[in-house]
Amino acid sequence: MAETFSFKVLATDGKARRGLVSMPRGEIRTPAFMPVGTGGTVKAMYMDQVRGIGADIILGNTYHLMLRPGAERVARLGGLHEFARWPYPILTDSGGFQVMSLSKLRKLTEQGVTFRSHIDGAPYEMSPERSIEIQGLLDSDIQMQLDECTALPAKPKEIERAMELSLRWAERCKAAFGDQPGKAMFGIVQGGDSAAMRLRSAQALKAMDLKGYAVGGLAVGEPQSVMLEMLDITCPELPADRPRYLMGVGTPDDILKSVARGIDMFDCVMPTRAGRHGLAYTRRGKVNLRNARHADDPRPLDEESDCPAARDYSRAYLHHLVRSQEALGAMLLTWNNLSYYQKLMQDIRAAIEAGAFEERAAGITEGWARGDI
Ligand SMILES: CCNc1nc2cc3[nH]c(NC)nc3cc2c(=O)[nH]1
């Protein structure tokens, strides 16, 4: 394995890129989808199953882990890879986004954010420096800067304030991270739905010469067209030889359209959360197994899938498990959904390598529309 962090673009097709991130703990084939492992677990999955469906990297949430079981405790127990038995790369978020969406009594200043835990009300403060320290205690491979994500719609002044603050925090995170060859710290482009602010943020972060760049502040309720427009503006400003990570995205359609605009990495809770709520992603579209129409359907979700959850169980059985709120329902549908997302990424990578991304993406989209699911 590589001693240092590196990224190589292996093939392009239009703006779509097929790449490879190499790190000491393993390689990440891009475009990549990162299953979300919030509290050090990809909910309802064993880690060897997560690996088995082809995931190269998972995401861990700093906010959850710092509150419970605590970053220092995870460090004492050997770090997050040892703790959760996932020896491959882990990307951790910086905690800021979830502080603002989950915690109570939060206060944001130049110094950082202070807040009370949503679990027990205990007081915490998270500065850029403390966020990087926590991610280091977790032994995270790719660490995210602390930023401020503006909820949309927002006034231009508000977008500018949060974007400029995030740039100053990026500098502080870069300084706190220092020089860790086998790891990386990614900056996060902010700027809301403002082209000018997006340009300003991307150009300032590029000047910091970071190992990777996330596009933040999107998938926060704006129309897909606005998200895609911001990618059209932002991606060309980012260095072509560094990975680009679109945070919190997304549906399979979001992913296809974002890869077409130059995005390399994705994370989203949809496949895992939907699995726990009885929703299955298939190449013919979404199937809601809660629906009574499945009660007598002997067909599997997808007879052509190589995932046992999609191939070996009848929809009638899955419907029964979901209706009965059996744990196995969440387990099988999560397995199916993550397997579908990894297969989608595998097909995307192959399409770019073949120079056939546009037509194969159209074929994938038609599959959803064809229905008969
Ligand atoms: C690293 C934490 N910072 C950070 N996380 C995010 C997570 C997101 N998740 C979604 N949609 C589900 N948008 C996001 C934006 C950000 C963002 O702008 N910043």
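Values in this document were obtained by computation on a predicted structure and should not be read as measured data. Whatever order the structure lists ligands and atoms in, that order sets their numbers, starting from 1.
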Review point. Ion pair present between E82 and R85, side-chain N to carboxylate O less than 4.0 angstrom?
Key: yes
Point to revise | Contacting atoms of ligand 1, where contact means under 4.0 angstrom from a heavy atom of A219 | key: 10 (C), 11 (N), 12 (C), 13 (N)
Review point. Between E160 and K157, is there a salt bridge with N-O shorter than 4.0 Å?
Key: yes
Review point. Does Y313 reach the side chain of P300, with side-chain heavy atoms less than 4.5 Å apart?
Key: no
Exercise for review: Could you tell me whether V220 and ligand 1 have an N or O pair separated by under 3.5 Å?
Suggested key: no
Study note, to complete from the structure: Quick note on ligand 1: atoms under 4.0 Å from a heavy atom of G216 include exactly 17 (C), 18 (O)
**Study point:** Side-chain H-bond candidate by donor/acceptor type, S131 with Q135, under 3.5 Å
**Key:** yes
Point to revise | Salt-bridge criterion met for E237 and R198 (N-O under 4.0 Å) | key: no
Check your understanding: Between M144 and ligand 1, which residue portion shows a heavy-atom distance shorter than 4.0 Å: side chain, backbone, both, or neither?
Key -> side chain
Point to revise | Whether S94 lies under 4.0 Å from ligand 1, heavy atom | key: yes
Revision key, fill the gap. Within 4.0 Å of some non-hydrogen atom of G217, the atoms of ligand 1 are 15 (C), 17 (C), 18 (O)
Practice item. Run the numbers for me: atoms of ligand 1, each under 4.0 Å from some heavy atom of I188, listed by number. Key: 1 (C), 3 (N)
Practice item. List the closest protein heavy-atom neighbour of atom 13 (N) of ligand 1: residue, atom name, distance to the nearest 0.1 Å. Key: L218 O, 2.7 Å
Check your understanding: So which heavy atom in the protein is nearest atom 19 (N) of ligand 1, and how far is it from that ligand atom?
Key -> D147 OD2, 2.7 Å
Practice item. Looking only at protein heavy atoms, identify the closest one to atom 5 (N) of ligand 1 and say how far it is in Å. Key: F97 CB, 3.4 Å
Practice item. For ligand 1, find out whether one of its N or O atoms is nearer than 3.5 Å to an N or O atom of Q190. Key: yes
Check your understanding: At what distance, to the nearest 0.5 angstrom, does NZ of K43 lie from CZ of R276?
Key -> 5.5 Å
Exercise for review: Closest by any non-hydrogen atom to atom 12 (C) of ligand 1: pick that one out of C149, G248, G95.
Suggested key: G248
Check your understanding: In terms of hydrophobic clusters joined by side-chain contacts under 4.5 Å, are M144 and F7 together?
Key -> yes
Point to revise | Donor on one side chain, acceptor on other, T38 and N61, under 3.5 Å | key: yes
